[in-house]
Enquirer: 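Below you will find the structure I want to go over with you.
Just so you know, residue 1 is the first one in the sequence shown, and it goes up from there. If you're wondering where the values come from, they're calculated on a predicted model, not measured in any experiment.
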Amino acid sequence: MCGIVGYVGKNQAAPILLEGLEKLEYRGYDSAGIAVRNGEDDTVIVKAMGRLKKLANKTDQGKAVKGTCGIGHTRWATHGEPSELNAHPHCSDDMNVVGVHNGIIENFQELRQKLAHHDYHFYSDTDTEVAIKLIDYYYKKYAGTPVDAINHALVRIRGSYALAVMFKEYPGEIYVARKDNPMILGKSDAGVFLGSDVPAILKYTRRVYYIGNMELGRLTSEGITFYNLDGDEIKKEETEIEWDAESADKCGYAHFMMKEIHEQPKAITETMKQYFDGSKVDFSTLEKNGAIEEAGGEKINAVLKGLERIYIVACGSAYHAGVVGKNVIEGMTDVPVEVDLASEFRYCDPKLMKNSIVVVISQSGETADSLAAMRLAHDRGIPTLAIVNVFGSTIAREADYVMYTCAGPEIAVATTKAYSAQLITLYLLAIKIGELTGTLDDDRIKELMTALEQIPNSIEKILDDKERIQWFAAKYASAQDVFFIGRGIDYAIGLEGSLKMKEISYIHSEAYAAGELKHGTISLIEKDTLVIGIMTQPDLFEKTRSNMVEVKSRGAYLFGLTTYGNYSVEDTVDFAVYVPRTLECFAASLAIIPLQLLGYYLAVAKGEDVDKPRNLAKSVTVE
Ligand code: M6R
C-alpha cells in the first residue's frame, strides 16, 4: 500500500525523503513523488512512474531539489491508473495546499462534485486530489488556521487516511492527520520526521510518537504539536523504539526475505523469552489496553480460564498461522476453535458465544480487514487478544490484550519470521489455556516447553542444509502447477508453503487437504506435476502417503517432507526432505522452513523481484 514520509529540520529534505521512501518500498508501489519547500519560495513537486530510482535520477539523488521541509509518497494505485498525473503529491490549483495521502476516501465523488460547484477543477482521477482541494476550500472559506481547515475537511471525509499537508503561508511546517491508516512521527536533534512505518525513520531517530485516530499534528523543526478534532491541543507521550537501524538493512544478504528466513531462530527465542518464566508460560507482561496490566496477567488469565470458544481471525499467512493454532489449541485443551478469514468474518454476521475471545493475528497490525473484524468483536462485547508484530500499530492499540511477536521489522512482502513468531505465540497461548483449564499437567507443560526451546536450534540445522532445496528449485523453476497435500497440521503447513511459492515465484500452486484430492483435484494431475506431500503427523503419515501413491500412479513427481526417522517415505517419493524431530504439535515450525526456502529459491531461479512481488503490498490497509 502507499507509503508517506516527511521531514522538517536543519538538513536538506529531498535526500531524506528519498531514503525514507526507499525504506517503504516493501509496502508496494507503482509511482512515487516528493514536494519540497524552500522557505517562502514556491513548492517544488517532482514525480516519476515506476521504481524510486527514476525519481532519484530525476532529482539528482535529491540534490537538485532545495529546501528543508518536504513530504514524499509511494503510490499503490486505488483510484485512477498508475500514472505520473495520478502520482502524489497533489496540490490545489494555486499551490496553496500540497499533500500526500495513504488510504481511501469513500465519498470522493460526492466531494468532487461539491468542489466543482465552487469552481475547482481536477487534473487527476485520485481521491487524494479531492481531499487536498477540500482542505484548500475550507482554508479559504473560513480564513482560519491550517488545523481548522483540515478539521473541517475531515468532518466531511468518509474513509481512511494518513495525510501530510503543507500550506503556502506556513513555510517550515507540515500538518498531518490520520484515521485507520498507519503513521509514525519521530524527533531528533536534526528535526522532525514522519513515515507510514518505523523503517522509514529508523535511521534518524528512535524517539517516536503515535498519532491517534482522528487526531492532527503540526510539525516544525522544533517539534510536534498535537490537536483533536475540535482543534484543542492534546499531549502525547514520546516512545522509544527498540528496533535498531541494522534490523531494517539487508546486512549482506541478497534479499530481505533470505535475511528474515535466517532471523527466525532469533525471532522465536525473543518471542518466547517474553512469555516464559523458565518453567511456565507467564502472561504478566502481556499488555492490557496498551499497558502492562498491574494485576500481573490476572485479567487475561481469568478470561482464558472461562473460555467456551475461541475465534481466530486473520488474513493471508497470519490466517495460516491461525489454522495451525486451531489444531494446536484443540489438541492441548477442550476449547473449540474457529478460524476465519477476517475479510469473511467481518461481513458474515458471526454468531459469537458469550464466554469467548477473538484472537486477531497480524504482523503489521494495520490490515484493514483484521482491524474491522476486531472492531466487530468489540461492538459485540467480546474480549479481543491481538498477536501483533509492529509495536504501537492500530490493532495493537485497539485490542483489549496484546501479545507482541518479537520478530523485529519484517521488510520482505512474503512473511517468514513474523509467521514463525506467530506460531510460537499461538503455542504459548495454547499451553496457557491448557494450564488454566486443567487439560495440561506440570509434567506435560515441562515437556512442551523443553521442546519449544529446541525449535530455534532445529531451524538452524535446517538452514545449514539449504543448498539441497536450492538445487531442487533450480530443477523445478519451470513448473506450471504445484500441489501441496497434507492432513491436520500438515494441511495448514501446506497452505503457507503454497502461498510462499505463488506469491513470489508466480508459479501456480494450491494446497489441499490430502483426503480431498479424490473429490476433484486429482483430475489436474498429469505426468511430472509436482506434488509436495507433508507428513509430519505420525497418526496421519500413512494416510497422506497413500494419497501420494495415488497421484504418483497418475504421473506426479513427488516431493516428500517429513521428519527424520520416517525413512520409509523414500520408497514412495522422488525427492525426500527431512526436518529434525520435535513434538508433533510443533512440527509446523520446522516443516515450514524448507517450503519458505523453496519459494525463495524458485523466485531467485526465475529472476523475480523476491522482496517486492508484483501487485502485492506488505501491509494491506484497504479492503
Ligand atoms: O500484516 P498482516 O499479518 O495482517 O498481513 C496479512 C497478510 O496480508 C500477509 O500475511 C500476506 O499474506 C503475506 N504477504 C504473505 O506472505
Side-chain angles (χ1 to χ4, degrees), residues 316-317 320 323 414 466-537 540-563 566-579 588 591-610 613-616:
S317 295
H320 298 156
V323 181
K466 58 181 184 288
E467 281 72 24
R468 207 161 158 260
I469 303 284
Q470 184 175 20
W471 172 85
F472 182 85
K475 199 169 147 205
Y476 260 84
S478 58
Q480 298 288 312
D481 298 291
V482 179
F483 297 93
F484 290 73
I485 60 171
R487 292 167 183 254
I489 287 180
D490 289 336
Y491 169 52
I493 299 167
L495 288 170
E496 178 59 8
S498 169
L499 179 57
K500 285 291 86 73
M501 181 178 290
K502 64 188 141 197
E503 71 179 324
I504 53 171
S505 76
Y506 313 145
I507 294 173
H508 169 250
S509 72
E510 300 292 339
Y512 283 94
E516 268 297 291
L517 276 187
K518 286 198 274 300
H519 300 285
T521 322
I522 202 158
S523 66
L524 295 169
I525 305 297
E526 301 174 344
K527 182 162 168 11
D528 290 334
T529 304
L530 176 58
V531 176
I532 299 179
I534 304 147
M535 296 165 288
T536 66
Q537 304 296 297
L540 301 166
F541 179 86
E542 283 305 335
K543 298 276 172 206
T544 303
R545 191 166 64 154
S546 66
N547 295 130
M548 294 189 75
V549 173
E550 283 161 8
V551 290
K552 191 174 187 178
S553 63
R554 282 145 183 99
Y557 183 92
L558 298 187
F559 177 124
L561 175 56
T562 187
T563 42
N566 293 329
Y567 299 117
S568 58
V569 80
E570 308 242 339
D571 301 336
T572 311
V573 304
D574 301 294
F575 185 78
V577 173
Y578 299 94
V579 293
I592 195 57
I593 310 296
L595 300 182
Q596 293 171 343
L597 291 167
L598 182 61
Y600 172 82
Y601 283 126
L602 282 170
V604 172
K606 291 183 71 187
E608 304 299 354
D609 193 343
V610 175
R614 69 184 178 214
N615 304 336
L616 284 176

Enquirer: Would Tyr578 and Tyr567 count as a close aromatic pair, with their ring centres under 6.0 Å?
Expert: yes
Enquirer: What distance separates Phe472 CZ from Leu602 CG, expressed to the nearest 0.5 Å?
Expert: 8.0 Å
Enquirer: State the CG-CG distance between Asp490 and Leu561, to the nearest 0.5 angstrom.
Expert: 8.0 Å
Enquirer: Picking from Val573, Val569, Thr544, what satisfies side chain to side chain contact (heavy atoms under 4.5 Å, CB included) with Thr562?
Expert: Val569
Enquirer: Identify the two heavy atoms, one from Ala492 and one from Val323, that lie closest to each other, and give their separation to 0.1 Å.
Expert: CB-CG1, 3.7 Å
Enquirer: Do Arg487 and Asn547 meet the criterion of a side-chain donor-acceptor pair at a distance under 3.5 Å?
Expert: yes
Enquirer: Using side-chain hydrogen bond (donor to acceptor under 3.5 Å, both in side chains) as the criterion, list what pairs up with Tyr600, not counting sequence neighbours.
Expert: His255
Enquirer: Please, which pairs that meet salt bridge (Lys or Arg N to Asp or Glu O under 4.0 Å) have at least one residue in residues 493-510, sequence neighbours excluded?
Expert: Glu496-Lys500, Lys500-Glu503
Enquirer: For the atom pair OG1 (Thr572) and CE (Met535), what is the distance rounded to the nearest 0.5 Å?
Expert: 7.0 Å
Enquirer: Aromatic contact between Tyr476 and Phe559, with the criterion being ring centroids under 6.0 Å apart: yes or no?
Expert: no
Enquirer: Per the salt bridge (Lys or Arg N to Asp or Glu O under 4.0 Å) rule, what does the pair list look like for residues 511-526, sequence neighbours excluded?
Expert: Lys518-Glu550
Enquirer: I'd like to know whether CD of Glu570 has more than 12 heavy-atom contacts from other residues, nucleotides or ligands below 6.0 angstrom.
Expert: yes
